[in-house]
Protein chains: 2
Amino acid sequence: MIPEKILKQYEAFRISFRKDVMIFLEGEQALHYFQLEAGSIKMITRSDEGQEFIQGISYAGESFGEPPLLCNFPYPSTAYAMVDTTIWKLRKEKFFDLIKDHFEIHLKLDQVLCERLRYKSKILTSIAFDDPENRVWWLINYLKNKSGHQSGKFAVPLTRQQIADMVGMRVETVIRTVKKLEDSGKVRLVNHKILV
Amino acid sequence: MIPEKILKQYEAFRISFRKDVMIFLEGEQALHYFQLEAGSIKMITRSDEGQEFIQGISYAGESFGEPPLLCNFPYPSTAYAMVDTTIWKLRKEKFFDLIKDHFEIHLKLDQVLCERLRYKSKILTSIAFDDPENRVWWLINYLKNKSGHQSGKFAVPLTRQQIADMVGMRVETVIRTVKKLEDSGKVRLVNHKILV
DNA sequence: CAGGTCTTATGATTCAGATCATACAGAACG
DNA sequence: CGTTCTGTATGATCTGAATCATAAGACCTG
């Protein structure tokens, strides 16, 4: 989102995380701006029973964790590396300097927050009212569109468990639902991969 | 959020809406910044069966509908006046001039978006995993805290149907859940009013 | 390449929130 | 102030996703 050249101008530095390593913990105070250089991360909240909800996934070039930075509240979720991941890290003060100096980047940040609000509005309504097939189908299409996939078959890059954690359902229900989507011709399953 | 003096400097004007009148429709293009002077509005999404989900409620002094303005996507929800309402309306171009000129107001706008993200993260997790009692109880406390209520009993200013529309449940379930909260001493019911 | 781990798949059972129907109470309007 | 409308309440029934158990397949690691 923010070009590397500018990140370096404001003294951002790079950090690497192995797969499944925690980047920050729910409840911690935000001290840095984070942007992925490579890999992917997921933002997790947990229910009292320990069930995980995936609030969102971010990929290379995308930022994450800004709301607690801008609003001074603790992290509402925990961030984990989904694969080996490299992240740009920028101190809070420098970050505010950067967006004060660059109105266009500030606007892009706004747009990132707005797209997240848009996604959450949609997934909220879906979880509250849609049947499992529509919930899963909507998410699959969302992932396809977000990846910028153009031609040929798109292989959904998530496990059934991860899909379940994003639509608030049990993995068994997602497995049966994906089967139904196959039966109705909406997706194809090849070696357990979901293709659209 | 934005002081009236500044709104006027950028040629904002006032518009009134009667209770239940629509302010903008889902799918429309955003052309103005909106801020409430008096009254309240609710943002609604609907399922295919017409069930309403209340994405959020805004009160006097608060803004609404910014994401489509900043991101150039259509309104994802429809806004209605919940009571007779007066709104400041500012043309898009003037709005961008305003936030470019006032970094502090731009930051406040960011914080508004961040608080909405925070709420949606929480309600998402709740709807996905919490039982009805915890869902309703969380919402009641959220409304109390958001209203800035200090001493004495807080009367929840929403109908059971509106609560149901915010937590994605049926009104019958909310009615029975509120009864359970009374039975466990968490709330008091006086003339059908919910007091905490 | 084999063994172990994780993911996917399937079947049977349960139960809580949705659904439907009906009645009561408070608010609004003329 | 009476009537109508909206909101609240209650009871009975239904159903589909969750839950639990078990097995098969793909992937990862040494």
Side-chain angles (χ1 to χ4, degrees), chain A residues 18-20 42 47-54 80-84 125-137 139-140 155-183 187-195, chain B residues 18-20 42 47-54 80-84 125-137 139-140 155-183 187-195:
Chain A
R18 299 310 294 260
K19 181 186 193 305
D20 296 333
K42 64 183 180 182
S47 73
D48 294 338
E49 288 75 40
Q51 287 149 354
E52 290 193 358
F53 191 89
I54 296 182
Y80 291 95
M82 293 181 77
V83 295
D84 288 0
T125 312
S126 188
I127 288 181
F129 295 132
D130 283 347
D131 55 75
E133 266 173 90
N134 281 313
R135 274 150 87 166
V136 172
W137 182 233
L139 182 66
I140 288 176
V156 178
L158 300 181
T159 67
R160 272 87 161 141
Q161 181 62 64
Q162 287 167 338
I163 293 174
D165 293 344
M166 292 189 88
V167 296
M169 275 159 36
R170 290 291 178 265
V171 65
E172 294 95 335
T173 310
V174 171
I175 289 163
R176 300 189 226 264
T177 302
V178 167
K179 195 71 167 84
K180 281 180 181 173
L181 290 173
E182 186 194 29
D183 289 344
V187 305
R188 275 179 61 224
L189 301 186
V190 175
N191 292 345
H192 294 158
K193 283 291 190 191
I194 306 170
L195 304 182
Chain B
R18 301 308 296 260
K19 179 183 194 304
D20 296 335
K42 65 182 179 181
S47 74
D48 293 338
E49 288 76 40
Q51 287 148 353
E52 291 193 358
F53 190 89
I54 296 182
Y80 291 96
M82 293 182 77
V83 295
D84 288 1
T125 312
S126 188
I127 288 181
F129 296 132
D130 284 347
D131 54 77
E133 267 172 270
N134 280 313
R135 274 151 87 166
V136 172
W137 181 233
L139 182 67
I140 288 177
V156 177
L158 300 181
T159 68
R160 272 84 161 143
Q161 182 62 63
Q162 287 166 338
I163 293 175
D165 293 344
M166 292 189 88
V167 296
M169 274 157 39
R170 288 294 176 263
V171 66
E172 294 96 336
T173 310
V174 171
I175 289 164
R176 298 187 228 265
T177 303
V178 167
K179 194 72 168 83
K180 281 182 181 172
L181 290 173
E182 184 193 30
D183 290 343
V187 306
R188 276 181 59 226
L189 301 185
V190 176
N191 292 344
H192 294 156
K193 282 293 190 189
I194 306 170
L195 305 183

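The chains referred to below are lettered A, B, ... by the order of the sequence lines, with proteins before strands, and numbering in each begins at 1.
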Polar atom pairs (N or O), protein with nucleotides 12-22 of chain D, under 3.5 Å:
unit_1 : atom_1 : unit_2   : atom_2 : d
D/dA18 : OP2    : A/Arg170 : N      : 3.4
D/dA18 : OP2    : A/Thr173 : OG1    : 2.3
D/dT19 : OP2    : A/Arg170 : NE     : 2.3
D/dT19 : OP2    : A/Arg170 : NH2    : 2.8
D/dT19 : O4     : A/Arg176 : NH2    : 3.1
D/dC20 : N4     : A/Glu172 : OE2    : 3.2

Against A/Val156, only a single residue in A/Leu139, A/Val178, A/Ile194, A/Leu195 fulfils side chain to side chain contact (heavy atoms under 4.5 Å, CB included); can you say which? A/Ile194
Name of the residue among A/Thr125, A/Ile127, A/Asp131 meeting side chain to side chain contact (heavy atoms under 4.5 Å, CB included) with A/Phe129: A/Thr125
Which heavy atom of B/Ser126 sits nearest to which heavy atom of B/Arg135, and what is that distance? OG-CG, 3.2 Å
Separation of C/dA9 atom C1' from A/Leu181 atom CG, nearest Å, is 16 Å
Selected nucleotide, minimal atom distance to A/His192 side chain, candidates D/dA9, C/dA9, C/dG26: C/dA9
Between P on C/dT7 and CG on A/Asn191, what's the gap in Å once rounded to a whole number? 17 Å
Measure the distance from CD1 on A/Ile163 to C1' on C/dT8 and round it to the nearest whole Å. 12 Å
Under 4.0 Å between a side-chain N or O of B/Arg160 and OP1 or OP2 of D/dT8? yes
Round to the nearest Å and state the distance from A/Gln161 atom CD to C/dA9 atom P. 13 Å
For the residue pair A/Arg160 and A/Val136, establish whether any side-chain heavy-atom pair is separated by less than 4.5 Å. no
Does this structure show an ion pair linking B/Lys19 with B/Asp84, if we count only N-O contacts that are shorter than 4.0 Å? no
Go nucleotide by nucleotide along DNA chain D from the 5' end; which of A/Lys193 and B/Val171 gets its closest nucleotide reached first? B/Val171
What is the separation between atom CG on A/Asp20 and atom P on C/dC6, rounded to the nearest whole Å? 10 Å
Please report the distance, rounded to the nearest Å, between CD1 in B/Ile175 and P in C/dT19. 14 Å
Looking at every non-hydrogen atom in both residues, tell me the closest pair between B/Tyr80 and B/Asp20 and how far apart they are. CD2-O, 3.7 Å
May I have the distance from A/Ile127 (atom CD1) to C/dA18 (atom P), rounded to whole angstrom? 15 Å
